[in-house]
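Have a look at the structure below, then the notes.
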Amino acid sequence: MINNNKYLIVIAGPTAVGKTNTAILLAKQFNCEIISADSRQFYKELKIGAAQPTVEELNQVKHYFIGFKTITEYYNVSCFEQDVLQLLPQLFKKNNIVIMCGGSGLYIDAVCNGIDDMPDYDPELRNQLSQRLENEGVESLRLELKKLDLTTYQKIDLRNKNRIMRALEMCLLTGKPYSQFLLKIPKTRPFNIIKIALNIARSELHNKINKRCDLMFEQGLVNEAKFLEPYRKQNALKTVGYKELFEYFDKKLELEQAIELIKRNTRRYARKQISWFNRNNEYKWFNPDDISDIEEYINSKISLPID
RNA sequence: GGUCUCUUGGCCGAGUGGCUAGGCACCGGUCUGCAAAACCGAUCACUCCGGUUCGAAUCCGGAAGAGACCU
């Protein structure tokens, strides 16, 4: 524990479990504000598909990092880490508690533990590498990585082309092995962190996912996606709920099939999120309905004598 | 009532005597800059009963269920 009375309360958990609602209830209780840690809710255009908090919800408690980027803007974990660290001191001036709520595990970890400094990617180089991947195949990139950075080559999953690309990209960009940048030493933060994860019975979660998906269609997800179709190549639109609808617009899928796929991919996403938060044993798990238990837990942490 | 065909895991589907089919779903996992990405792993069958055989999802007989046609 850090020797001060500033607390960042993380509310994590799988999609559709009820994080937004829980965070708002807690924020009202502790009279504090909310930082969103959801890599898709960053984009203002992805209102329905990314299940952004509604206007009513946003009016109840001040939220940060919701809809503050355009889909064509480049943004990544490191930017998020820096932006949050810059904002937090201001929020801590107003209240000793800040809530960070979201499902993007990598982004949450970056805020809590830091992420190693690395140079920005070069769009041209990245382009070149994708071309090479297409023309020469993965094996060629694998071999080059082996030459440039044996440590990474031995460590990463060589069947995962994204990882190979990333490592190679950094080697070529900097002239140094990618592994040299990976210090992985957790940074200390000038505030305390309380990690809470929410979950419910799997069948219940699946029900909620299905219902929320149906609701998105009622709210006009098809129109939202249609409007965004010209930007479908943007990374922000490689998102469950949009990519399937683009296939439907291409007439590769029936609407019903697209809906089923969105539900399935959302279930998969939820499973991966649970995996991510599970392996970090700092998380204390709660059912979102047990709000008073959550409050009690937070209070017990906050009232602990500082050493 | 009669004749014929079919019955493989949650779903689809191959297999005609001995060797894990496969795909999808579901489940578990990996994770340092595209992360709602990318990738990996595991479980689950032969409708039932009897027979032939060293050995049956596979051959034979019967039962049940489904379908097609006939009276």
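Being a predicted model, the structure only gives us computed values, none of them experimental. Lettering of chains follows the sequences in order, A, B, ..., and the numbering in each one begins at 1.
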Listing, residues 20-29 of chain A side-chain donor-acceptor contacts under 3.5 Å, not counting sequence neighbours, or none:
unit_1, atom_1, unit_2, atom_2, d
A/T22, OG1, A/G18, O, 2.8
A/K28, NZ, A/Q60, OE1, 2.5

What integer number of Å spans the C1' atoms of B/A64 and B/C49? 10 Å
Taken in chain and number order and not counting sequence neighbours, the residues that satisfy salt bridge (charged side-chain N to carboxylate O under 4.0 Å, His left out) with A/D214 are A/K263
Which atoms of nucleotides 22-24 of chain B (N or O only) lie under 3.5 Å from a protein N or O atom, and what are those distances?
unit_1, atom_1, unit_2, atom_2, d
B/C24, O3', A/R264, NH1, 3.2

Determine the Euclidean distance between corresponding P atoms of B/G22 and B/C44; express it in Å to zero decimal places. 13 Å
Please report the distance, rounded to the nearest Å, between CD1 in A/I274 and P in B/C26. 12 Å
Please classify the nucleic acid contact of A/F181 as base, sugar-phosphate, or nothing, using heavy-atom distances under 4.0 Å. nothing
Do the side chains of A/Y121 and A/E169 get nearer than 4.5 Å, heavy atoms only? yes
Tell me: NZ of A/K187 to P of B/U32, nearest whole Å? 14 Å
Would you measure the distance from the C1' atom in B/C46 across to the matching atom in B/U20 and give it in whole Å? 14 Å
When you check the side-chain N and O atoms of A/E296 and A/S292, is any donor under 3.5 Å from an acceptor? no
Determine the contact category for A/G49: base if any of its heavy atoms lies under 4.0 Å from a base atom, sugar-phosphate if only primed atoms, P, OP1 or OP2 are that close, otherwise nothing. base
Between B/G17 and B/U3, how far is it from one C1' atom to the other, in whole Å? 30 Å
First of A/G105 and A/N76 reached from the 5' end of RNA chain B, by closest nucleotide: A/N76
Distance-only, no hydrogens or angles: does the A/R189 side chain make a donor-acceptor pair with backbone N or O of A/V111 under 3.5 Å? yes
Interatomic distance at P, B/G18 relative to B/G55, whole Å: 14 Å
Under 4.0 Å between any heavy atoms, over every strand shown, what does A/A110 touch: base, sugar-phosphate, or nothing? Just pick one. nothing
Measure from CD on A/E260 to C1' on B/C12 and round the result to the nearest Å. 16 Å
Taking atom types as modelled and ignoring hydrogens, do the side chains of A/N265 and A/E244 form a donor-acceptor contact shorter than 3.5 angstrom? yes
Residue pair A/D149 / A/S179, side-chain donor-acceptor N/O under 3.5 Å: yes
With nearest nucleotide decided by heavy atoms, which residue, A/R166 or A/T15, maps closer to the 5′ end of RNA chain B? A/R166
What pairs of nitrogen or oxygen atoms, one from the protein and one from nucleotides 37-40 of chain B, lie under 3.5 Å apart?
unit_1, atom_1, unit_2, atom_2, d
B/A37, OP1, A/K243, NZ, 2.7
B/A37, OP2, A/K272, NZ, 2.8
B/A38, O4', A/N162, ND2, 2.7
B/A38, O3', A/K161, NZ, 3.3
B/A38, O2', A/N160, OD1, 2.2
B/A38, N3, A/N160, ND2, 2.9
B/C39, OP1, A/K161, NZ, 2.8
B/C39, O4', A/N160, ND2, 3.4
B/C39, O2', A/D157, OD2, 2.3

Taking the minimum atom-to-atom distance to the side chain of A/R202, which one of B/C26, B/C34, B/C27 wins? B/C27
Find the distance between CG (A/L148) and OH (A/Y153) and round it off to the nearest 0.5 Å. 12.5 Å
Mind telling me if B/G33 is syn or anti? Syn here is a glycosidic angle within 90° of 0. syn
If only side-chain N and O atoms of A/S275 are considered, is one of them under 4.0 Å from the OP1 or OP2 phosphate oxygen of B/G29? yes
Same-atom distance (C1') from B/G62 to B/C24, integer angstrom: 37 Å
Specify the separation, in whole Å, of atom OH of A/Y107 and atom P of B/U32. 14 Å
Answer yes when A/D38 and A/R40 have at least one side-chain N-carboxylate O distance shorter than 4.0 Å, and no when they do not. no
For atom C1', what is the distance between B/U53 and B/G28, given to the nearest Å? 42 Å
Taking atom C1' in both B/U52 and B/C12, compute the distance separating them and give it to the nearest angstrom. 33 Å
For A/D38, answer base if it contacts any base atom (sugar-phosphate contacts may also be present), sugar-phosphate if it contacts only those atoms, and nothing otherwise; contact means non-hydrogen atoms under 4.0 Å. base
Write down the distance between CG (A/N113) and C1' (B/G33), rounded to a whole number of angstrom. 16 Å
Looking only at side-chain N and O atoms, does A/Y74 offer a donor or acceptor that is under 3.5 Å from a partner on A/N76? yes
Please check if any side-chain donor atom of A/E224 sits under 3.5 Å from a side-chain acceptor atom of A/Y242, or the reverse. yes
Both atom distances under 3.5 Å, Watson-Crick or G-U wobble: I'd like the secondary structure of RNA chain B as a dot-bracket string, with | for pairs made across strands. (((((((..(((.....[...)))..((((.......)))).....(((((..]....)))))))))))).
Below 6.0 angstrom between ring centroids: does that apply to A/Y43 and A/Y75? no
Send over the distance from A/L205 CG to B/C26 C1', rounded to a whole Å. 14 Å
For a quick check of understanding: with a heavy-atom distance under 4.0 Å over all strands, which category does A/Y178 fall into, base, sugar-phosphate or nothing? sugar-phosphate
Qualifying residues under side chain to side chain donor-acceptor pair (under 3.5 Å), relative to A/R271, sequence neighbours excluded: none
At 4.0 Å (heavy atoms only), tell me whether A/R267 reaches a base, stays on the sugar-phosphate, or touches nothing. sugar-phosphate
Check for a donor-acceptor pair, side chain of A/N192 on one end and backbone N or O of A/N4 on the other, with a separation under 3.5 Å. yes
Separation of atom CE in A/M165 from atom P in B/G33, rounded to whole Å: 13 Å
Would you kindly give the CG-to-P distance between A/D83 and B/G33, to the nearest whole Å? 18 Å
